[in-house]
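Heads up: the structure comes next, in structure tokens.
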Amino acid sequence: MIVVLKSGTPAEEITRISEELAESWGVNVEKSIGEHKVILGMIGDTATLDQRQIQKLSPWIEQVLRVEKPFKRVSREFRYGDASEVLVSTPNGFVPFGEHHPVVIVAGPCSVENEEMIIETAKRVKAAGAKFLRGGAYKPRTSPYAFQGYGESALDLLAAAREVTGLGIITELMDTADLSAVANTADVIQIGARNMQNFALLKKVGAQDKPVLLKRGMCASIDEWLMAAEYILAAGNPNVILCERGVRTFDTKYARNTLDLSVIPVLRSLTHLPIMIDPSHGTGRSEYVGPMAMAAIAAGTDSLMIEVHPNPAKALSDGPQSLTPEQFDSMVEQMSVFGKAVGRWSERSLVTSA
Ligand code: PEP
Ligand code: MN
């Protein structure tokens with residue numbers, strides 16, 4: 001249930017109403033401040049609460065509404081229809097993700113392989129306009145015999161790339177034991193598709209401060225995905241970005257997954273959280289990444305994740321879907337046309353090389 005307060009409600013009155021709601025009705029109250037309204041979200045057993053009785057608490061209460069969805073905190077209704085933004089701190093400044101901001105580009109290799117390649121890739125993607133370097137230190141591989149990532153030493157290389165370029169770092173966390181090491185390096189912690197419903201991991205990243213990039217499980221429904229995000233918000237971390245990376249379907253002959261771009265309008269109506277699209281894992285083929293990235297921008301994505309490798313043929317993982325830095329340059333050029341057309345492109349977001 002949410003309580004919508006009239007604009008101009010005095011701060012003391014907001015506090016008084018919040019305390020009264022918590023004390024008299026035994027619910028947790030979360031305040032969110034939108035552009036024009038202050039919303040008090042009530043979490044707990046609200047089924048028997050009487051909306052009219054709550055309304056009488058204060059003349060400053062405009063409306064009392066029930067949130068019908070099973071996911072509460074992530075639902076759009078919980079914010080009275082407003083989108084939220086996730087503001088990420090990076091050495092180059094704050095980068096906002098969200099519906100009312102320019103498209104944010106995140107790029108880098110599937111795996112961090114060595115110092116030279118990660119620094120080179122970081123410089124190249126930054127020069128092209130990316131705001132974040134994404135690279136894997138801990139890799140979730142189908143085969144236990146496949147390259148598993150260089151772990152902590154790869155985190156050190158990501159930190160070095162951050163130092164050199166000022167780019168924000170995104171990297172995946174697979175094991176709760178690695179949380180503090182990953183959180184020390186990453187500006188955003190990625191939870192991969194295979195761990196979308198690893199509830200122990202979700203609770204842990206929910207209980208720390210770094211923003212979380214939550215990939216959709218390869219067979220997850222949208223409700224399951226949003227409930228996974230709800231775990232993170234329920235544990236106290238409101239900064240979650242949802243990343244579509246393709247779902248399993250019957251035809252894997254030409255593309256690795258089916259990139260479900262219909263999630264963009266669907267999520268937009270269901271949740272206030274920012275959206276990211278990953279056409280690299282979504283298609284598995286470098287030649288399809290550009291067209292799907294354009295389509296994602298046209299459909300209204302807030303951000304994109306693109307795999308880029310200096311030499312895809314030699315990549316230790318996901319070479320076939322990785323772009324060369326040159327291909328990435330021309331793709332960003334093309335994307336800017338679509339970004340401008342939908343009013344979601346800012347030349348300010350393109351930073352020049354360090
Ligand atoms: C990745 O981002 O490199 C990755 C392994 O992605 P996913 O979890 O979507 O498979
Ligand atoms: Mn990959």
Side-chain angles (χ1 to χ4, degrees), residues 104-113 117-118 121 125 130 132-144 146-151 154-155 157-158 168-175 178 182 186-198 201-202 205 211-220 222 224-225 228-229 232 240-249 252 255-261 263 275-286 288-289 292-293 296 301 303-324 328:
V104 179
I105 300 169
V106 170
C110 183
S111 301
V112 177
E113 298 174 4
M117 70 80 78
I118 198 65
T121 311
V125 300
F132 289 86
L133 174 70
R134 195 213 68 120
Y138 301 95
K139 296 305 303 177
R141 305 305 300 279
T142 303
S143 164
F147 174 63
Q148 303 284 307
Y150 287 125
L155 292 178
L157 298 182
L158 286 169
I169 298 295
I170 303 182
T171 196
E172 179 165 353
L173 172 72
M174 287 170 50
D175 187 331
D178 301 317
V182 168
D187 298 292
V188 177
I189 298 174
Q190 176 175 323
I191 300 295
R194 290 156 190 81
N195 275 314
M196 188 204 84
Q197 284 189 315
N198 180 338
L201 198 55
L202 298 179
V205 292
V212 178
L213 177 64
L214 180 64
K215 287 193 142 193
R216 180 185 185 179
M218 56 189 83
C219 296
I222 288 175
E224 287 166 339
W225 188 14
I232 302 171
V240 175
I241 302 162
L242 297 166
C243 179
E244 161 65 31
R245 48 76 73 205
V247 289
R248 281 255 162 110
T249 43
T252 52
R256 183 176 176 185
N257 292 295
T258 294
L259 184 65
D260 182 4
L261 290 182
V263 299
I275 302 166
M276 182 181 288
I277 298 293
D278 169 1
S280 303
H281 295 87
T283 64
R285 300 268 288 265
S286 59
Y288 305 149
V289 171
M292 297 314 275
T301 190
S303 52
L304 285 161
M305 173 189 289
I306 312 288
E307 283 193 340
V308 177
H309 191 287
N311 185 355
K314 293 265 170 65
L316 295 180
S317 57
D318 286 349
Q321 68 197 33
S322 300
L323 302 183
T324 63
F328 182 63

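Indexing begins at 1, ligand by ligand and atom by atom, following the structure's order. Numbers for residues simply follow the sequence, beginning at 1.
- Under a 4.0 angstrom heavy-atom cut-off, Glu307 registers as being in contact with ligand 1.
- A donor-acceptor pair under 3.5 Å is formed between the side chain of Asp278 and the backbone N or O of Ser280.
- Around the Mn ion (ligand 2), the angle linking Asp318 (OD2) with Cys110 (SG) is 90°, rounded to 10 degrees.
- Ile275 contributes atom CD1, which lies 10.5 Å from atom CD of Glu244 (distance to the nearest 0.5 angstrom).
- With rounding to the nearest 0.5 angstrom, the CG atom of Leu259 is 4.5 Å from the CE atom of Met292.
- Annotation: the span from Met305 atom CE to Met276 atom CE amounts to 5.0 Å, rounded to 0.5 Å.
- Using a 4.0 Å heavy-atom cutoff, Arg216 is absent from the residues neighbouring ligand 1.
- Looking at His281 next to ligand 1, an N or O pair under 3.5 Å apart turns up.
- For the pair Glu113 (side chain) and Leu316 (backbone), a donor-acceptor distance under 3.5 Å is present.
- In this model, a donor atom of one side chain and an acceptor atom of the other lie less than 3.5 Å apart for His281 and Asp318.
- Using 4.0 Å as the threshold, Cys110 has a heavy atom nearer than that to some atom of ligand 1.
- The shortest contact between atom 3 (O) of ligand 1 and any protein heavy atom is with Lys139 NZ, 2.9 Å.
- For atom 2 (O) of ligand 1, the choice among Glu172, Arg245, Arg134, Met174 with the nearest heavy atom turns out to be Arg134.
- Looking only at heavy atoms of the protein, atom 5 (C) of ligand 1 is closest to Pro140 CG, 3.8 Å.
- For Arg285, the CZ atom is densely surrounded, since the number of other residues' heavy atoms within 6.0 Å is greater than 12.
- A salt bridge is absent between Arg216 and Glu224: the closest approach of a Lys/Arg side-chain nitrogen to an acidic carboxylate oxygen does not fall below 4.0 angstrom.
- When distances from the Mn ion (ligand 2) to the N, O or S atoms of Glu307 are compared, OE2 comes out shortest.
- In the vicinity of Gly192, heavy-atom distances shorter than 4.0 Å reach the ligand 1 atoms 8 (O).
- A distance of 10.5 Å separates CD1 of Ile241 from CG of Leu214, quoted to the nearest 0.5 Å.
- Considering backbone and side-chain N/O of Ala193, one or more are found under 3.5 Å from N/O of ligand 1.
- The protein heavy atom nearest to atom 6 (O) of ligand 1 is Lys215 NZ, 3.0 Å.
- At least one N or O atom of Arg194, backbone or side chain, sits closer than 3.5 Å to an N or O atom of ligand 1.
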